[in-house]
There are 2 protein chains.
Amino acid sequence: MPEDNPIANYLKRHVPVSDEEAAQFSAAFREVKIRKRQFIVQPEFIVKNRNYVLKGAFRAYVVDDKGQDSTIAFAIEDWWITDYNSYILQKPATMFVVALEDSIILEISHEKEQALKKANHLYETFFRIRAERTAAFMQQRIISNLTQNAEERYYQFIEKYPQIVQRVPQYALASYLGMTTEFLSRIRNKRMTKNS
Amino acid sequence: MPEDNPIANYLKRHVPVSDEEAAQFSAAFREVKIRKRQFIVQPEFIVKNRNYVLKGAFRAYVVDDKGQDSTIAFAIEDWWITDYNSYILQKPATMFVVALEDSIILEISHEKEQALKKANHLYETFFRIRAERTAAFMQQRIISNLTQNAEERYYQFIEKYPQIVQRVPQYALASYLGMTTEFLSRIRNKRMTKNS
DNA sequence: AAGTAGTTCAGGAAATTTGGTTGAACTGGT
DNA sequence: ACCAGTTCAACCAAATTTCCTGAACTACTT
């Protein structure tokens, strides 16, 4: 029977755990409400948590020397988000992670995660699977950035993640896809600049 | 002669320091521009700085379990603001501090503050005075909350801080004074609910 | 030299959010 | 039954954000 414990369910979808193991796992998480525009990760601070999005939407981005920001990741319901570089290596973050809507996350601290992994090999397996998926996902993105042009990247994105397109502002999507908002606007409206 | 170094001046107004001491003190501060709606303190993050407002306006507030927010403090030019509980004890903040306008602050880090206090007894005295004033101020506020009704608190506030009333949104003032925005709106418009 | 893919800048329209007001019904204490 | 104050919902104006568009520009190909 599918319980209404999202984290336990998530775990069960990936590793063969008992109900008790799933319950123990989910007990390590804390539910936190995050208001729109609130940051859950900021540069300079060491990231304490890995976050599962229960409700809402987030954007992870970096800001370069001249104020230009690049979106690193989005996350909506049932996705995970944090600055993994900071979280995993426990060093200061370089990214911002901000709520795009009023949201609810389930967060697990780095210490608790370590404890879980030590306690039960299946949890270790789970996090390994997560990491592998994340890596695979990122590799796909790198490839797409190298091989596709702006318009192709956009159409691939709306096909793969239609739910996200509807929920994030266009400037965020543009900066995720590596183009200007103006150019994205033009792609959408199919009317490319031309000298009449 | 009054210099145009606001922090050095501030210090001199409170402890008998030489020009060199004042200069050394002010050198520990860093000027930072903050945009309207930007947070300088967020829950969970350990507060690194004590902030002197050079220009602009800030609001410190907490949000309780059921989304209700209470304003803890305001700060405008020549005031200080931070989450002192987090700053002093170096533990995670529970408050937000947000810019109500585009602003400029002078921030000093916790480490630099420690170094200053160690280096010169007068700096220690200065921070002691600051803390005492803050405590006295808070006590007044507690008393006023216990003994006055909403309307009295409002009129006392506009008398004591007319500059602030003009610059902060009404919902922020209401939540500072411990009443709903609707009720404050009614006090202002003198037209209390009445059954005709 | 001309086309392609994309950027920058600026103005403006459209959509959303914010801040404030008001009426009406309600609560808890006296 | 009254007082001080809250809650809820609707509403409005103003401010802000988001998006769109034109025009001029850059850098690479061909």
Side-chain angles (χ1 to χ4, degrees), chain A residues 35-38 56-57 59 61 64 66-71 74 98-103 144-156 158 164-196, chain B residues 35-39 57 59 61 63-64 66-71 74 96 98-102 144-158 164-196:
Chain A
R35 292 260 219 99
K36 182 172 179 174
R37 268 191 211 115
Q38 190 181 332
R59 174 168 89 103
Y61 63 101
D64 70 23
K66 249 348 177 215
Q68 162 103 336
D69 70 280
S70 303
T71 298
F74 293 115
V98 71
L100 296 170
E101 311 169 1
D102 288 350
S103 304
S144 137
N145 284 335
L146 288 172
T147 61
Q148 296 179 289
N149 68 19
E151 191 168 355
E152 290 164 341
R153 293 198 302 276
Y154 171 66
Y155 285 116
Q156 175 178 300
I158 57 176
I164 291 193
V165 179
Q166 263 121 317
R167 287 173 69 176
V168 308
Q170 213 153 108
Y171 66 80
L173 181 52
S175 88
Y176 180 91
L177 293 172
M179 66 187 82
T180 59
T181 70
E182 292 95 330
F183 197 66
L184 177 52
S185 170
R186 282 181 241 264
I187 289 175
R188 282 196 156 166
N189 299 305
K190 276 285 187 297
R191 204 182 299 102
M192 295 288 112
T193 311
K194 64 153 179 260
N195 337 342
S196 67
Chain B
R35 292 258 231 101
K36 181 173 178 174
R37 258 180 222 130
Q38 190 181 331
F39 292 95
R59 172 168 89 104
Y61 63 100
V63 179
D64 70 23
K66 251 345 178 218
Q68 162 102 337
D69 69 279
S70 304
T71 298
F74 293 115
F96 296 87
V98 70
L100 297 170
E101 312 170 358
D102 288 351
S144 136
N145 284 334
L146 289 173
T147 61
Q148 294 179 289
N149 68 19
E151 191 167 356
E152 289 166 343
R153 293 199 301 276
Y154 171 65
Y155 285 116
Q156 175 178 301
F157 189 90
I158 57 176
I164 291 193
V165 179
Q166 263 121 319
R167 287 173 68 177
V168 307
Q170 213 152 108
Y171 67 81
L173 182 53
S175 88
Y176 181 89
L177 294 174
M179 66 186 84
T180 60
T181 68
E182 292 96 330
F183 197 65
L184 177 52
S185 170
R186 282 180 240 266
I187 290 175
R188 279 197 158 166
N189 299 306
K190 276 286 186 294
R191 205 182 301 102
M192 296 289 111
T193 310
K194 65 155 177 261
N195 339 341
S196 67

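Residue numbering restarts at 1 for every chain, and letters A, B, ... go by the order of the sequence lines.
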> Among D:dG5, D:dC19, C:dG19, which nucleotide sits nearest the side chain of B:Ala150?
Replying inline: D:dG5
> Between the two ends of the helix from C:dA1-D:dT30 to C:dT30-D:dA1, what is the bend in degrees, rounded to 10 degrees, where each end axis spans five pairs?
Replying inline: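 For the helix from C:dA1-D:dT30 to C:dT30-D:dA1, the axes at opposite ends meet at about 40°.
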>> For B:Tyr61 and B:Phe96, take the angle between the two ring planes, folded into 0 to 90°, and tell me which bin it lands in: parallel under 30, tilted 30 to 60, perpendicular over 60.
In response: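 Because their plane-to-plane angle is under 30°, the rings of B:Tyr61 and B:Phe96 count as parallel.
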>> Please determine whether any donor N or O and acceptor N or O are separated by less than 3.5 Å between the side chain of A:Arg37 and the base of D:dT16.
In response: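 Counting by modelled atom types and ignoring angles, no donor-acceptor contact under 3.5 Å is found here.
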> Does a distance-only test, which skips hydrogens and angles, find a donor-acceptor pair under 3.5 Å between the side chain of A:Arg186 and the base of C:dT4?
Replying inline: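 Per atom types, no contact qualifies.
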> Just to confirm, is there a sub-4.0 Å distance from OP1 or OP2 of C:dT7 to any side-chain nitrogen or oxygen of A:Thr180?
Replying inline: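 It does, given that an N or O in the side chain of A:Thr180 lies less than 4.0 Å from OP1 or OP2 of C:dT7.
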> Do the side-chain N or O atoms of B:Lys36 get closer than 4.0 angstrom to the phosphate oxygens (OP1, OP2) of D:dA15?
Replying inline: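 False: B:Lys36 side-chain N/O out of range (4.0 Å or more) of D:dA15 OP1/OP2.
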Over how many whole Å does the gap from [X] atom [atom1] to [N] atom [atom2] extend?
X        : N      : atom1 : atom2 : value
A:Asn149 : D:dA27 : CG    : C1'   : 16 Å
B:Met179 : D:dT7  : CE    : P     : 13 Å
B:Leu173 : C:dG19 : CG    : P     : 14 Å
A:Glu152 : C:dG6  : CD    : C1'   : 14 Å
A:Leu184 : D:dT18 : CG    : P     : 14 Å
B:Tyr154 : D:dA4  : OH    : C1'   : 18 Å
A:Phe183 : D:dA27 : CZ    : C1'   : 14 Å
A:Leu146 : C:dA5  : CG    : P     : 18 Å

Once rounded to the nearest 0.5 Å, what's the spacing between atom [atom1] of [X] and atom [atom2] of [Y]?
X        : Y        : atom1 : atom2 : result
A:Thr180 : A:Gln68  : OG1   : CD    : 9.5 Å
A:Arg35  : B:Asp69  : CZ    : CG    : 5.5 Å
B:Ile158 : B:Leu173 : CD1   : CG    : 9.0 Å

Please list, pair by pair, any protein nitrogen or oxygen found under 3.5 Å from a nitrogen or oxygen in nucleotides 10-15 of chain C.
none

